[in-house]
Amino acid sequence: MNRSTPRSRRIASRWAVGALALLLQGAALAHEAPAQKPGFTPPAAGTYRLERIMPAPDGNVVDAAGQRSRLAAYTTGKVTLLSLMYTACSDETGCPVAFYSIASIRRTLEKSAAAHGRVQLVSMSFDPDNDTPEVMRAYGGSQAGGRVGVPWHFLTTESRRELAPLLAGFDQDVSRPRAAGPSQDLLHVLKLFLIDRRGWVREIYTASYLAPAMVVNDIRTLLMEDGAL
Amino acid sequence: MSPARFPGRRMRRGLLAPLAAIGIAVCAVLAPLAASADETCNSPYMRNLIRGQEDYVYVWTLGVEGMGDGSDKLVTVDVNPSSKQYGKVAHVLSVGTRGEAHHMGFTDDRRHLWAGGLDDSRVYIFDVYSDPSRPKLVRTLSDLPQRTGLVGPHTFYAMPGRMLVQFLSNSKDHGGVTGMAMFTNKGELIRTYGMPTGSGGDGYGYDIGINPKKNVMLTSSFSGWNNYMMDFGKMLQDQEAMKRFGRTMVLWDAKSMKSEKVLDVPGAPLEIRWSLNQEDNWAVTASALTSQLWLIKQDGNGQWQAKAVAAIGDPAQVPLPVDISITADGKGLWVNTFMDGKTRFIDLTDPEHPRQTYEKVTGKQVNMVSQSWDGTRVYITSSLLANWDKKGENDEQMLRAFAWDGKDLQPLFEVDFYAQNLGRAHHMKFGSNAIKAAYEPLDATLAQNR
């Protein structure tokens with residue numbers, strides 16, 4: 001009788017989610033992703049202020065090709081929507097929601113020439129133990145890169161030590177189980193950050209506050225600030 | 001840029017592994033949403049922490065001159081029946097000053113508890129994550145009137161990655177015209193928002209309640225520093241002072257933080273509770289001076305309206321409804337009435353026609369009421385405001401816990417806050433050891449950097 005170890009179960013779980021993400025990415029390309037639909041009409045872009053909440057932190061990151069860089073390279077110069085996540089997240093109200101929502105937002109932005117070259121998307125893992133560049137590359141799949149004018153970057157860090165100041169800077173909570181067990185889910189509040197081209201966080205989203213239409217209007221609001229719209 | 005090194009971490013799984021595991025993942029993704037939990041009157045943006053029995057009740061306690069060190073305190077009471085300390089004070093954290101301790105609220109990640117003083121306008125940020133049994137004061141905001149023009153931080157409402165604080169007064173005339181202030185979770189001020197004074201707005205503030213599904217924020221209105229710091233008996237005789245109470249609720253676009261409509265709700269509408277039933281989109285509040293329960297919902301034309309739907313007790317006797325606590329299914333509401341010391345249960349099955357189904361005298365004066373998610377445990381405290389609490393032997397100060405079986409409140413334990421030299425027991429929030437026992441923070445530097 002084969003008995004799976006917590007480690008092997010974790011690997012299987014992680015790969016299951018990764019494989020599922022790949023399948024769902026295909027589905028997402030075919031039709032509208034099941035992202036959050038608001039029960040309200042978001043205020044029109046440019047009719048409200050997005051406050052300067054805090055500067056986005058900087059630190060060392062690694063992209064899906066294994067190239068080292070500074071996070072600031074991905075949070076300045078363009079309007080950035082950044083999601084903190086991990087690939088093995090199986091919480092149906094967590095990271096998968098962020099993935100779907102970003103994919104939906106991206107499809108909308110693709111249709112706007114003003115967004116091309118001025119907006120970027122970032123998914124950054126807070127699980128450096130498991131989310132290697134290879135895993136991030138597999139997770140991003142066909143979504144990775146800049147083929148449609150709104151690039152989507154998949155980043156990780158080399159170590160918890162490199163990750164710590166970034167989590168502190170974003171004030172992102174992450175906890176891992178103390179004991180080995182069947183569930184090795186990381187405990188966290190889902191957060192995405194809208195960052196202006198000067199590197200300031202201008203909005204923070206969570207699972208119950210992530211309607212793609214609202215986020216798109218926020219991005220447009222920042223583009224209007226920059227005179228791009 | 002240079003290639004990163006990840007020693008020993010190569011992709012080494014076969015192709016069959018992910019395919020074999022897809023079934024597991026599908027089950028995980030399609031599994032029913034985990035039941036919400038925790039106490040019932042928190043921000044919808046907060047992590048729900050407590051799945052069953054809460055371990056602690058944190059009581060934000062007003063200091064009393066000559067009692068202990070006389071300072072405001074965060075008192076941690078052990079409320080887990082399996083604990084040897086059950087029903088006992090587990091920890092006392094004095095903040096070293098007395099500033100009219102009043103309300104508290106958790107950050108969205110539930111790691112920190114913000115608490116305010118209505119008199120000195122200080123805001124305290126306690127770490128309740130590192131050791132839930134021993135909260136630690138990590139930051140004090142002590143210059144808010146100078147920086148914001150606002151006085152009396154009352155409601156602490158978790159927003160995604162931020163805290164929205166509703167104030168009661170202002171530094172210019174200490175009247176009721178006030179505003180809100182948004183902070184990062186670390187306590188950095190982002191901006192302030194004035195309460196509307198046009199289109200029928202009185203500019204007053206009290207509580208905050210958000211319905212994310214509708215992008216709607218409601219605020220209510222109470223009174224300014226001049227009133228809430230005045231002796232209660234003296235204020236009742238002051239006709240001008242009695243005119244200076246809130247009579248409105250304001251409907252805001254929660255995204256843009258713009259006020260959209262002022263609702264006429266006379267008599268100082270206080271706590272706001274949205275139904276926690278995901279199918280519902282209505283809220284209730286209680287007006288303290290007119291003793292009415294109000295329903296706020298959309299009419300047939302989609303317009304938000306407020307209407308009085310039931311009297312609480314006999315309004316002619318001025319029972320003074322104070323805190324309210326809604327059940328997890330949105331079908332019931334606990335209401336404390338301060339003057340007669342009663343805890344009342346209101347059936348909200350038909351929110352258009354609420355009816356009281358139970359009442360019990362639970363103290364000589366009762367103010368706050370909180371309940372567990374399953375509704376079987378109900379906690380009450382006694383203090384309203386230092387200068388409004390009853391005098392002499394009626395100035396009872398306690399935390400009392402009850403079991404609720406749907407028919408009667410049965411006493412479980414009580415803590416006498418005067419006998420233990422603690423002070424006046426006011427707002428409560430629940431604590432739990434669950435996360436600390438099972439998880440370790442990956443981001444340990446958070447607390448150090450705060």
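Everything numeric here is computed off the predicted structure, so don't read it as measured data. Residue numbers begin at 1 in each chain, while the letters A, B, ... track the order of the sequences.
- Interatomic distance, B:N185 CG to A:Q172 CD, rounded to the nearest 0.5 Å: 10.5 Å.
- B:D253 touches chain A through its side chain: at least one heavy atom from C-beta onward sits under 4.5 Å away, while N, CA, C and O do not.
- Residue A:T47 holds its OG1 atom at 10.0 Å from NZ of B:K255, rounded to the nearest 0.5 Å.
- Counting heavy atoms from C-beta outward, A:Y209 and B:P212 have side chains that stay 4.5 Å or more apart.
- Between A:P43 and B:N215 the shortest side-chain heavy-atom distance falls below 4.5 Å.
- Taken from CG in A:L187 to CD1 in B:I435, the straight-line distance is 4.5 Å, to the nearest 0.5 Å.
- The existence of a salt bridge linking B:E188 and A:R52 is excluded, since no basic side-chain nitrogen approaches an acidic carboxylate oxygen closer than 4.0 Å.
- One N or O on the side chain of A:R178 and one on the backbone of B:K436 form a donor-acceptor pair closer than 3.5 Å.
- Using a 4.0 Å cut-off between a side-chain N of Lys or Arg and a carboxylate O of Asp or Glu, A:D173 and B:R110 do not qualify as a salt bridge.
- Looking at A:L50, the atoms closer than 4.5 Å to chain B (heavy atoms on both sides) all sit in the side chain, from C-beta outward.
- Here the closest non-hydrogen pair linking B:R111 and A:S175 is NH2-OG, 3.3 Å.
- The CG atom of A:D171 lies 8.0 Å from the NE2 atom of B:H112; values are rounded to the nearest 0.5 Å.
- Of the atoms belonging to A:N217, not a single heavy atom falls under 4.5 Å from chain B.
- With a 4.5 Å cut-off on non-hydrogen atoms, B:K258 touches chain A through its side chain but not through its backbone.
- Between atom OH of residue B:Y439 and atom NE2 of residue A:H188 there is a gap of 10.0 Å, rounded to the nearest 0.5 Å.
- In this structure, no portion of A:L190 lies under 4.5 Å from any heavy atom of chain B.
- A donor-acceptor pair is defined here as one N or O able to donate and one able to accept, closer than 3.5 Å; such a pair exists between the side chain of B:R162 and the backbone of A:I204.
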